[in-house]
S.K.: 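Supplied in structure tokens, the structure appears directly below.
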2 protein chains.
Amino acid sequence: MSSKVTIHEVARLSGVSIKTVSRVLNREPNVKNDTRTRVQEAVAALNYRPNISARSLAGSKAYLIGVFFDNPSPAYVTDVQLGAIARCREEGYHLIVEPLDSEGDVAAQVEPMLHTLRMDGVILTPPVCDNVAVLDVLEAEGVPYVRLSPDQDQDRSAHVRMDDVRAAYEMTAHLIGLGHTDIGFIKGHPEHGASHLRYEGYVAAMKEHGHAVREDHVEQGWFSFRSGFEAAERLLGRPDRPTAIFASNDDMALGVMAVANRLRLEVPQSLSVAGFDDTPGAKVVWPQLTTVRQPIQAMAAAAADLLLTGATRAEGEAPPSRLLDFELVVRESTGPVG
Amino acid sequence: MSSKVTIHEVARLSGVSIKTVSRVLNREPNVKNDTRTRVQEAVAALNYRPNISARSLAGSKAYLIGVFFDNPSPAYVTDVQLGAIARCREEGYHLIVEPLDSEGDVAAQVEPMLHTLRMDGVILTPPVCDNVAVLDVLEAEGVPYVRLSPDQDQDRSAHVRMDDVRAAYEMTAHLIGLGHTDIGFIKGHPEHGASHLRYEGYVAAMKEHGHAVREDHVEQGWFSFRSGFEAAERLLGRPDRPTAIFASNDDMALGVMAVANRLRLEVPQSLSVAGFDDTPGAKVVWPQLTTVRQPIQAMAAAAADLLLTGATRAEGEAPPSRLLDFELVVRESTGPVG
DNA sequence: GCTCGCCTTGACAAGGTTGTCATGCCTTTA
DNA sequence: TAAAGGCATGACAACCTTGTCAAGGCGAGC
């Protein structure tokens with residue numbers, strides 16, 4: 001029970017009013033330098049920390065940033081949290097996590113949260129970031145929000161994303177550079193915007209390098225291991241099979257590797273395999289997976305930054321956004337055409 | 001900006017004092033039934049939600065539960081959050097996540113958190129749950145906490161855990177039931193308590209079924225893919241290699257599978273492989289891994305429950321604890337001895 | 001030397017809820 | 001019938017900070 005030090009005791013010790021202490025705490029102007037120093041010393045001496053409840057009750061800030069997610073991968077969620085926290089800590093903010101049940105009425109889950117706990121801002125991850133009902137509620141409640149990799153209606157709000165098209169383009173170019181011309185592609189879940197963007201990048205690279213996109217070398221997947229497995233069975237079952245397969249995410253690429261393993265196709269000698277996302281699983285296969293790394297922590301930190309600097313509130317013009325660089329991670333699953 | 005409905009408006013609409021509204025909200029006794037109903041109707045009509053900052057400032061509860069973690073797997077962290085949230089929501093509590101940097105001075109990171117944001121309780125995951133400095137700070141600040149799968153000094157606090165010994169026993173018995181007698185074992189990180197417990201279960205099952213524990217069939221690992229890989233290379237490199245390998249966690253088991261794959265040993269025809277934890281990776285290999293599933297979400301929910309019901313504060317006697325059931329997940333990586 | 005205006009500071013209210021204590025009514029007991 | 005006690009409710013203070021507004025001090029310009 002060491003706590004219970006209030007602003008009054010700091011004020012008494014430093015010989016000023018509580019208001020001046022408040023000013024120092026909030027880095028407000030109009031405090032003489034030596035007054036400021038005196039207060040800071042008292043704060044340190046008493047190990048004083050402002051009470052966040054009193055602060056948010058009296059002022060406008062709650063010192064809380066929310067992260068809403070529903071169901072993307074654990075690795076993604078944790079990275080988002082780590083990235084957001086890193087930035088929030090600098091300003092004394094805390095992170096509140098709110099998993100949403102996308103089966104139910106998501107908006108109805110969000111509304112009470114915002115009502116009770118007045119958050120200063122919310123970070124939305126896919127797929128919640130494209131749930132219009134949630135966006136409506138946030139706007140109705142006047143809570144600023146930033147979307148991570150939004151798919152729909154990007155101009156609606158501040159957002160942070162990565163250039164999926166260019167990443168897929170470069171991965172395809174990497175395979176072409178290794179001598180592959182017949183490159184199979186496994187699309188992702190058709191309702192995820194990233195699916196289309198990645199496919200677009202693949203097509204652009206193929207065309208630009210003068211290779212045809214063969215329809216029978218493009219399969220529909222659903223971002224799951226199983227869908228990748230089945231797509232690979234179809235792709236590799238035919239006599240004129242591709243020499244490389246680029247799957248729209250790692251889980252599906254791992255499905256491809258499993259099929260290759262069953263068919264006794266050596267990777268990468270007989271088949272190159274590329275994924276997307278750099279999930280933990282990418283390093284837990286043999287050979288390790290060539291893939292694209294999204295800078296998820298950096299993206300989340302950027303989102304927190306937009307929130308903390310109030311960059312979301314600009315009216316009239318296009319909402320602020322950040323575009324971050326990806327990283328091509330070349331491991332052992334891709335090699336020269338054999 | 002739809003909010004701003006306060007307790008006063010509810011009081012006015014239902015014709016009682018704000019104190020009575022407060023009583024209804026907090027399920028306090030001594031309110032006539034029809035008064036209670038009238039208030040509840042007003043609450044519903046106005047869509048009123050108590051302001052959490054004001055509540056925690058005035059009262060003793062903050063309606064916040066913290067989850068401290070440093071570095072276990074993302075899948076584990078997310079499951080803990082989901083489990084804890086599920087229970088917290090029932091009581092209107094929110095979850096605050098605080099990743100800790102275990103490289104730095106962890107206690108110094110924890111102290112300010114508790115000071116500013118007065119949490120009602122904290123859930124500690126391994127390995128933070130065994131950091132004595134953190135426990136000291138929590139106790140000094142008077143914040144109740146529950147540890148998940150603590151390793152050291154279990155009597156120090158409330159905790160929730162799973163029976164690792166029995167789980168390892170049953171997995172070993174499962175292999176023995178398939179006809180295996182030469183069962184290799186890969187130990188986990190020697191500083192994790194679970195390592196010893198799992199080994200203990202393995203030894204007990206072997207002895208009880210009349211099989212010798214051959215020292216050259218037991219290897220030291222570190223819970224990592226690589227350490228499992230290397231241990232498997234040693235185990236499978238010798239002429240009298242075991243017919244089954246039980247690794248203390250999934251990552252190491254995946255390392256074993258990779259070696260088997262390289263040596264062209266069919267799993268499970270020529271080698272059975274068992275893991276522990278049921279991480280996502282267990283389903284992303286071919287064949288899928290037989291393993292033990294920890295009921296992580298249920299454990300976290302139990303921890304939250306201990307916190308919310310105040311079961312942690314009992315003085316004098318042993319702190320409350322819960323022991324949850326594991327689940328043996330038999331997939332395709334284990335089979336009859338060939 | 002005086003006025004004006006900026007810088008610095010403080011007194012006080014406000015923010016929405018819970019805790020304490022007092023009050024009045026109704027029921028039980030002697 | 002009177003006293004005692006329990007139940008239902010309300011008035012008001014308290015929680016700790018920030019926002020508003022007023023006031024004092026001091027230097028610059030005339």
Side-chain angles (χ1 to χ4, degrees), chain A residues 1 3-40 42-43 46-64 91-93 114-118 120, chain B residues 1-40 42-43 46-64 91-94 114-118 120:
Chain A
M1 296 291 181
S3 52
K4 297 291 168 197
V5 181
T6 76
I7 199 172
H8 288 95
E9 336 212 359
V10 179
R12 197 177 317 140
L13 182 60
S14 47
V16 299
S17 73
I18 58 168
K19 178 62 214 186
T20 299
V21 176
S22 172
R23 274 189 267 261
V24 173
L25 260 40
N26 294 298
R27 299 199 192 88
E28 285 174 30
N30 301 339
V31 178
K32 264 205 284 197
N33 261 335
D34 71 325
T35 310
R36 191 180 295 275
T37 310
R38 203 147 27 93
V39 171
Q40 282 164 341
V43 167
L46 295 172
N47 193 24
Y48 165 74
R49 300 262 162 36
N51 177 310
I52 207 169
S53 299
R55 261 187 145 168
S56 65
L57 181 60
S60 51
K61 292 180 282 187
Y63 296 89
L64 290 175
E91 314 272 341
Y93 280 63
L114 299 176
H115 247 279
T116 26
L117 213 55
R118 186 121 220 114
D120 300 305
Chain B
M1 294 289 182
S2 78
S3 53
K4 296 293 172 196
V5 180
T6 76
I7 199 172
H8 288 94
E9 335 213 359
V10 178
R12 198 177 317 138
L13 182 60
S14 46
V16 298
S17 73
I18 59 166
K19 179 62 216 189
T20 299
V21 177
S22 173
R23 274 190 266 260
V24 173
L25 260 43
N26 294 299
R27 300 196 190 88
E28 286 174 29
N30 300 339
V31 180
K32 263 204 285 197
N33 261 336
D34 71 323
T35 308
R36 191 179 296 274
T37 310
R38 204 148 26 96
V39 171
Q40 281 164 341
V43 166
L46 295 171
N47 193 23
Y48 165 74
R49 300 265 161 32
N51 177 311
I52 207 169
S53 300
R55 263 188 145 169
S56 67
L57 179 59
S60 50
K61 293 181 281 186
Y63 296 90
L64 290 175
E91 313 271 340
Y93 279 64
H94 294 262
L114 299 175
H115 247 279
T116 28
L117 213 54
R118 187 123 217 112
D120 299 306

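Chain identifiers are assigned alphabetically (A, B, ...) following the order of the sequence lines, protein sequences preceding nucleic acid strands; residue numbering begins at 1 within each chain. Just so you know, these numbers use all the heavy atoms, side chains as well, and skip hydrogens, waters and symmetry mates.
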S.K.: For A:Arg118 and C:dG16, what is the distance between atoms CZ and P respectively, to the nearest whole Å?
M.R.: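 It is 11 Å, rounded to the nearest whole Å.
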
S.K.: Between P on C:dG16 and OH on B:Tyr63, what's the gap in Å once rounded to a whole number?
M.R.: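 Spelled out: OH on B:Tyr63 to P on C:dG16 is 17 Å.
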
S.K.: If I take atom CZ in residue A:Arg23 and atom C1' in nucleotide C:dG10, what distance separates them, rounded to the nearest angstrom?
M.R.: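 Value for this atom pair: 8 Å.
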
S.K.: Counting heavy atoms from C-beta on, name the nucleotide in C:dG10, C:dT17, C:dT8 closest to the side chain of A:Lys19.
M.R.: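 So the nucleotide nearest the side chain must be C:dG10.
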
S.K.: Is the backbone of A:Ser53 close enough, under 3.5 Å, to the side chain of A:Asn51 for a donor and an acceptor to pair up by distance?
M.R.: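 Yes.
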
S.K.: Of B:Ser56 and A:Arg38, whose nearest nucleotide on DNA chain C comes first from the 5' end?
M.R.: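 Looking at the nearest nucleotide for each, A:Arg38 comes out on the 5' side.
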
S.K.: Starting at the 5' end of DNA chain D and moving along, which residue's nearest nucleotide shows up first, A:Gly59 or B:Asn33?
M.R.: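 Per heavy-atom nearest nucleotide, the more 5' residue is B:Asn33.
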
S.K.: What are the bounds, 5' to 3', of the part of DNA chain D that sits under 4.0 Å from heavy atoms of chain B?
M.R.: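 Both ends considered, the range comes out as D:dA8 to D:dC16.
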
S.K.: Rounding to an integer number of Å, can you tell me how far B:Lys32 NZ sits from C:dG24 C1'?
M.R.: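 To the nearest whole Å, that distance equals 12 Å.
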
S.K.: Any side-chain donor-acceptor pair under 3.5 Å between B:Arg38 and B:Asn33?
M.R.: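 There is no such pair between these side chains.
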
S.K.: Rounded to whole angstroms, how far apart are CG on B:Asn26 and P on C:dG16?
M.R.: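 Value for this atom pair: 17 Å.
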
S.K.: Verify, without hydrogens or angle tests, whether A:Thr35 (side chain) and A:Val31 (backbone) share a donor-acceptor contact under 3.5 angstrom.
M.R.: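 Here the side-chain-to-backbone pair does not exist.
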
S.K.: Can you find a side chain N or O atom of A:Asn30 that sits less than 4.0 Å from OP1 or OP2 on C:dT8?
M.R.: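 Yes, A:Asn30 has a side-chain N/O under 4.0 Å of OP1/OP2 on C:dT8.
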
S.K.: Quick check: closest heavy atoms across A:Lys61 and A:Asp120, and the distance to 0.1 Å?
M.R.: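 Distance-wise, the nearest heavy atoms are CA-OD1, 3.4 Å.
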
S.K.: If I take atom OH from residue A:Tyr48 and atom CD1 from residue A:Ile7, how far apart are they, to the nearest 0.5 angstrom?
M.R.: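 Interatomic distance, A:Tyr48 OH to A:Ile7 CD1, rounded to 0.5 Å: 4.5 Å.
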
S.K.: Roughly, in whole Å, what's the span from CD1 in B:Ile18 to C1' in C:dT18?
M.R.: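 To the nearest whole Å, that distance equals 9 Å.
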
S.K.: Rounded to the nearest Å, what distance is computed from the CZ atom of residue A:Arg55 to the C1' atom of nucleotide C:dT17?
M.R.: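 From A:Arg55 CZ to C:dT17 C1': 20 Å.
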
S.K.: Would you indicate what A:Ser53 reaches in the nucleic acid, counting non-hydrogen atoms under 4.0 angstrom: base, sugar-phosphate, or nothing?
M.R.: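 Contact class for A:Ser53: none.
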
S.K.: Looking at A:Ser14 and A:Val10, would you say the former's side chain and the latter's main chain have a donor-acceptor pair under 3.5 Å?
M.R.: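 Pair found, side chain donor or acceptor close to backbone of A:Val10.
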
S.K.: What is the distance, to the nearest angstrom, from the CZ atom on B:Arg49 to the C1' atom on C:dT17?
M.R.: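 In whole Å, C:dT17 C1' lies 17 Å from B:Arg49 CZ.
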
S.K.: Can you tell me how far CD of A:Glu9 sits from CD1 of A:Ile18, rounded to the nearest 0.5 angstrom?
M.R.: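 Here the rounded value is 12.0 Å.
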
